[in-house]
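Okay, structure first, notes after.
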Amino acid sequence: MDDRQQVDLVVVGLGPGGEALATGAAKAGLRVVAVDKHLVGGECPYYGCIPTKMMLRAADALAEADRAGTLAGDVTVVPSWTPVARRVSQDATADWDDRAAVERLEAAGATVLHGAARLDGARRVVVDPAGGSGPLTFEASRGVVLNPGTRPAAPPVPGLEGTPYWTNRDAVRATELPGSLVVLGGGPIGCELAQVFVRFGVRVTLVQRGERLLPGDEPEASRLLRDVLEGEGVEVLTGAEASAVEHAEGVFTVTLQDGRRLEGDQLLVAAGRRSNLDGTGLESVGLSADDLAVDERLRAQDGLWVLGDVTGHGAYTHVSMYQSAIALRDVLGEDGAPARYEAVPHTTFTDPEVAGVGLTESAARAAGLAVRVGTADLGASSRGFTHGPGAVGLVKLVEDADRGVLVGGSVVGPAGGEILSMITLAVHAAVPVSTLSTMIYAYPTFHRTIESALADLEA
Ligand SMILES: Cc1cc2nc3c(=O)[nH]c(=O)nc-3n(C[C@H](O)[C@H](O)[C@H](O)COP(=O)(O)OP(=O)(O)OC[C@H]3O[C@@H](n4cnc5c(N)ncnc54)[C@H](O)[C@@H]3O)c2cc1C
């Protein structure tokens, strides 16, 4: 390949959104160069959503086997990590090999390169190909798409650097389990992985700096999940900050600010993510990674689109894909609906799942809305009663009473993320609460709890 090429589009970073956009642009006939410095597909298929959901599915099977004792007779399961590690490495990630994804993208007509890429002025990208050959420069007539994603953040705790601690990337590659694990971070990733490992017999301590788990969700959801995790044996420490980490003779010692010392065979750091925009040369086009903003068509400036986690509209694969479709239309000069984020759903795939959409009660109040709130106990529903063990949860609805529409909602429960979809539709389409209240809800379903929460809203 010539070291200075004229192309139509360069896509830097092939997370779910970048990969889909590059595929669509190539299929539409553009000359597309698609670059990733690691694996085509990004965090989700190799280190994020897919492997962690496989791990959670395995942990759920153990919990269900345990519940069978109450429901259906004795089941004996000897937990083994071997099938989990095998599914993750063989079925999910092809041993962290992206050949199939590269071939799909090439079949669509794109040129795929592995290497670090950066902007070098408007519509120009320099790629340092993996394997060490000299840099390649591309001039892109339509422009450049950045989808660089994030990496695990390492909190500045003295002693942490240089120790063999885990991030999500190591946890999904584990072939053997530690006897004990300290988890730093009580967000979705920390909570999901804490539950996986405790269900496989690991002694887990979950350390959360803030006052509650899942701080982005409703406080009721945080409390409920804490109760569940503690009931399963996770030691949950909130308002607890690590002030030092040591690693000696195979043991991690985490010292908390109040002087308490925690020991673990392994330490999992799930304390936030850092944007990879810092390596993308934004300053060469007069932009800064620290305060980058994109418009409703994902444009950061003429000929430059940015999408995915780094846009700050929800670090979820579905947001990356949603933005990708909008940016692709813009790249191709097609019209379409602009990006809107009032109804971004999310699910933490613990058991019970914790799902939410739109505004929480406190966010709605902070936005100055005339808020009405309705809640209902999902475990106390008829479906919860028939379901038995494991049926704990709640529904919480947040209404803008002036408009008479829901602006947010949360569901905690078995399949909470599925139940949430109806609330997502209501928020997205601004369905009047009066319409939702006169709908018929099948009996005995979990989603019928939404009807109870609506009644509470109007009580
Ligand atoms: C443990 C975990 C579990 C998760 N579970 C879920 C879930 O259940 N549901 C959900 O919706 N989301 C989940 N997520 C989030 C999800 O993985 C991301 O939102 C998703 O991957 C979209 O990210 P992205 O498109 O911004 O890019 P990413 O997927 O982060 O991909 C960015 C790509 O850009 C490449 N790159 C970066 N800089 C450069 C450069 N300069 N040159 C070339 N390439 C570069 C990287 O190598 C990477 O491949 C999870 C994340 C984690 C960590």
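Indexing begins at 1, ligand by ligand and atom by atom, following the structure's order. These values consider heavy atoms only, across backbone and side chains, with no hydrogens, waters or symmetry-generated copies.
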_Pairing residues for D128 by the side-chain contact (heavy atoms from CB on, under 4.5 Å) criterion, not counting sequence neighbours_ = R118, P135
[X]: numbered ligand 1 atoms lying under 4.0 Å from its heavy atoms:
{"X": "F349", "result": "8 (O)"}
{"X": "H38", "result": "47 (O)"}
{"X": "L39", "result": "49 (O)"}
{"X": "N168", "result": "1 (C), 53 (C)"}
{"X": "Y47", "result": "1 (C)"}
{"X": "H318", "result": "11 (O)"}
{"X": "I189", "result": "1 (C), 2 (C), 52 (C), 53 (C)"}
{"X": "T150", "result": "30 (O)"}

*Between H38 and Y46, ring centroids under 6.0 Å*: no
*Can you tell if the side chain of T52 reaches within under 4.5 Å of the side chain of F349, non-hydrogen atoms only?*
no
*Taking the side chain as every heavy atom from C-beta outward, state whether E192 and K53 have any pair of such atoms under 4.5 Å apart.*
yes
*With respect to atom 15 (C) of ligand 1, which of S320, G48, A315 exhibits the smallest heavy-atom separation?*
A315
*Select the closest option to atom 34 (O) of ligand 1 among G15, G13, A34, judged by heavy-atom distance.*
G13
*By salt bridge (charged side-chain N to carboxylate O under 4.0 Å, His left out) - contacts of E241 (at least two apart)*: R209
*Using the ring-ring contact (aromatic ring centres under 6.0 Å, His included) rule, take F446 and H387 through it: C-alpha gap first, then chi angles, then the decisive distance, then the call.*
CA-CA 10 Å; F446 283 127; H387 195 89; 5.4 Å; yes
_Does ligand 1 come near enough to T347 that some N or O of the ligand is less than 3.5 Å from an N or O of the residue?_
no
Quick check: are there more than 12 heavy atoms from other residues, nucleotides or ligands sitting under 6.0 Å from [atom1] of [X]?
{"X": "D95", "atom1": "CG", "value": "yes"}
{"X": "R203", "atom1": "CZ", "value": "no"}
{"X": "E334", "atom1": "CD", "value": "yes"}

[atom1] of [X] to [atom2] of [Y]: how many Å apart, nearest 0.5 Å?
{"X": "D309", "Y": "S275", "atom1": "CG", "atom2": "OG", "answer": "9.0 Å"}
{"X": "H346", "Y": "E353", "atom1": "NE2", "atom2": "CD", "answer": "11.5 Å"}
{"X": "K396", "Y": "E361", "atom1": "NZ", "atom2": "CD", "answer": "4.0 Å"}

*For the pair Y47 and W96, name the ring-plane relationship: parallel under 30°, tilted 30 to 60°, perpendicular over 60°.*
parallel
Nearest neighbour in protein (non-hydrogen) for [atom]:
{"atom": "atom 24 (P) of ligand 1", "value": "N147 ND2, 3.5 Å"}
{"atom": "atom 41 (N) of ligand 1", "value": "A117 O, 2.9 Å"}
{"atom": "atom 13 (C) of ligand 1", "value": "C49 SG, 3.3 Å"}
{"atom": "atom 27 (O) of ligand 1", "value": "G149 CA, 3.5 Å"}
{"atom": "atom 20 (C) of ligand 1", "value": "T317 OG1, 3.4 Å"}
{"atom": "atom 45 (C) of ligand 1", "value": "K37 CG, 3.7 Å"}
{"atom": "atom 37 (C) of ligand 1", "value": "P148 O, 3.0 Å"}
{"atom": "atom 33 (C) of ligand 1", "value": "D36 OD2, 3.4 Å"}

Work out whether the distance between some heavy atom of [X] and some atom of ligand 1 is less than 4.0 Å.
{"X": "G115", "result": "yes"}
{"X": "K53", "result": "yes"}
{"X": "R273", "result": "yes"}

_side chain to side chain donor-acceptor pair (under 3.5 Å) assessment of D170 paired with Q266_ = CA-CA 11 Å; D170 308 288; Q266 189 49 260; over 6 Å; no
*At a non-hydrogen distance cut-off of under 4.0 Å, which region of D309 contacts ligand 1 (side chain, backbone, both, or neither)?*
both
